[in-house]
Amino acid sequence: MSEQKKTPGRIRGTGARRRKPTRRQRAKAVTAWTVAGVVVVGGAGLGYAYVTLDGNLSSIDIDAKLGADRPDDVDDGSQDILVLGSDSRSGDNGKYGADEGAARSDTAMVMHVDKGHKSASVVSIPRDTLIERPSCASDTTDESVPAEHSAMFNTAYEVGGPACAVKTVESMSGIRMDHYVEVDFTGFEKLIDELGGVEITTKSAINDAKSHLDLEPGTHTLDGEESLGLVRTRKSVGDGSDLGRIQLQQAFVKALMEQAKSVGVFSSPKKLFGLADAATNALTTDSGLGSVKKLTGFADGLKGLGADNVHMVTLPVEYDPADPNRVLPQEEAGRQVWAALKNDRPIPASATEKSAGDKGEAGQVVR
């Protein structure tokens, strides 16, 4: 098991607004689900070239960093996983833009797999949600990072790394995260291309100058570069917001899951290795998933999941009256969402019906 990949130059956040993210930053949520799809499809086949794949993985001991001050570990067979994408520009990621000295979690999803492993609920947390961030141990110094009122959600990763991101989600939800998966977006294009592209159907034209995507209504097989464009698209679909873009990403993810299930990797060891190599290179996990053997065992329990039994929602939020570029949690509705996950029940439709996250309508553009 390799040690966690370090992000050189990470500094403590100041609250200043960063530059607009590049188009590849928008791909990280989808990268996470590409990896999940490949792992689920590959199952025990990931044992192929075990040593090579094992060496690709990086891991971090979240339990050791957080200690005992966490929600109870409910051992009922269900699983809760924080899937995170960071926007670091260090290392290979430098080709996507200048390293601005700090990494933030640009995309975050909490995935709850029910105790029978027959269905899952996924809650996307908008990066600009203003939350109560708990005090955290820094992952770069011996100092403690103080709690902060009305902090942007994505600063938790910036100031305290993966452990602080997990602690913040657990503080918000009251749910202990069983696992942590962080995705490096440099592998996104390769994963999509290794899969042979992803088939999507657009109900209306998408012409977006910023994402450089130009699609007529109809069915398309998108390669890695085009997929990056799709998940970056914002202004030309729905209400033009980041919340609408989350809906578009969620629709794409479901198409991606179906594609991953249909590529027939077992008939081609070369394809299986290519997918597994790209997937494991893209991941940093908690130590509980930090080897091919552990990751394979985890994936084996998810084989029954398909797009039809994965319910995806956005955490109920409303626009901040003081700043339209920020969103505020809808406290009561949020409690309903977290209670559903905690009690291993489906998220009620009533929990999100008044959320700004359900108003973007971008999810209706792509099937």
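Keep in mind that this is a model prediction, so the values were computed, not measured.
Summarising the geometry, atom CG belonging to D344 is positioned 7.5 Å from atom OG belonging to S119; distances are rounded to the nearest 0.5 Å. To the nearest 0.5 angstrom, D320 atom CG is 9.5 Å from N325 atom CG. Rounded to the nearest 0.5 angstrom, L213 CG and T233 OG1 are separated by 4.5 Å. Here L315 contributes atom CG and W338 contributes atom CH2; the two are 5.5 Å apart, rounded to the nearest 0.5 Å. Rounded to the nearest 0.5 angstrom, L53 CG and T280 OG1 are separated by 4.5 Å.
Side chains of E132 and H149: a donor on one and an acceptor on the other come within 3.5 Å. A donor-acceptor pair shorter than 3.5 Å can be found between the side chains of N56 and D277.
Side-chain contact between Q336 and S350 is present, with heavy atoms from C-beta onward closer than 4.5 Å. Within the 4.5 Å cutoff, side-chain heavy atoms of L230 are placed close to those of L222. Looking only at side-chain heavy atoms (C-beta outward), I131 and M172 come within less than 4.5 Å of each other. Contact annotation: the side chain of I200 approaches that of T202 to within less than 4.5 Å [non-hydrogen atoms, C-beta and beyond]. The side-chain heavy atoms of H112 and Q79, taken from C-beta on, include no pair separated by under 4.5 Å. By the 4.5 Å heavy-atom criterion applied to side chains, F252 and V198 are counted as neighbours. Residues I347 and H311 have side chains in contact (heavy-atom distance under 4.5 Å, counting atoms from C-beta outward). I62 has its side chain out of reach of K65: every pair of non-hydrogen atoms, C-beta onward, lies at least 4.5 Å apart.
Of the possible polar contacts, none joining the D72 side chain to the V74 backbone as a donor-acceptor pair under 3.5 Å is found.
Between E226 and T221, the shortest heavy-atom contact is OE1-O, 3.7 Å. Closest approach of R133 and A151 over heavy atoms only: NH1-CB, 3.9 Å. The two residues P329 and V317 come nearest to each other via the heavy atoms CA-CG1, 4.2 Å.
When the options L341, I81, V122 are evaluated for a side-chain contact (heavy atoms from CB on, under 4.5 Å) with V110, the one that passes is L341.
Salt bridge absent: R176 and D75 never bring a charged side-chain N and a carboxylate O closer than 4.0 Å.
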Compile the donor-acceptor pairs under 3.5 Å between side chains in residues 162-170 and protein atoms, sequence neighbours left out, one pair per line.
| unit_1 | atom_1 | unit_2 | atom_2 | d |
| --- | --- | --- | --- | --- |
| K167 | NZ | S135 | O | 2.7 |
| T168 | OG1 | C164 | O | 2.8 |
| E170 | OE1 | R70 | NE | 3.2 |
| E170 | OE2 | R70 | NE | 3.3 |
| E170 | OE2 | R70 | NH2 | 2.6 |
| E170 | OE2 | M177 | N | 2.9 |

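More than 12 heavy atoms of other shown residues, nucleotides or ligands fall within 6.0 angstrom of atom CG in N343.
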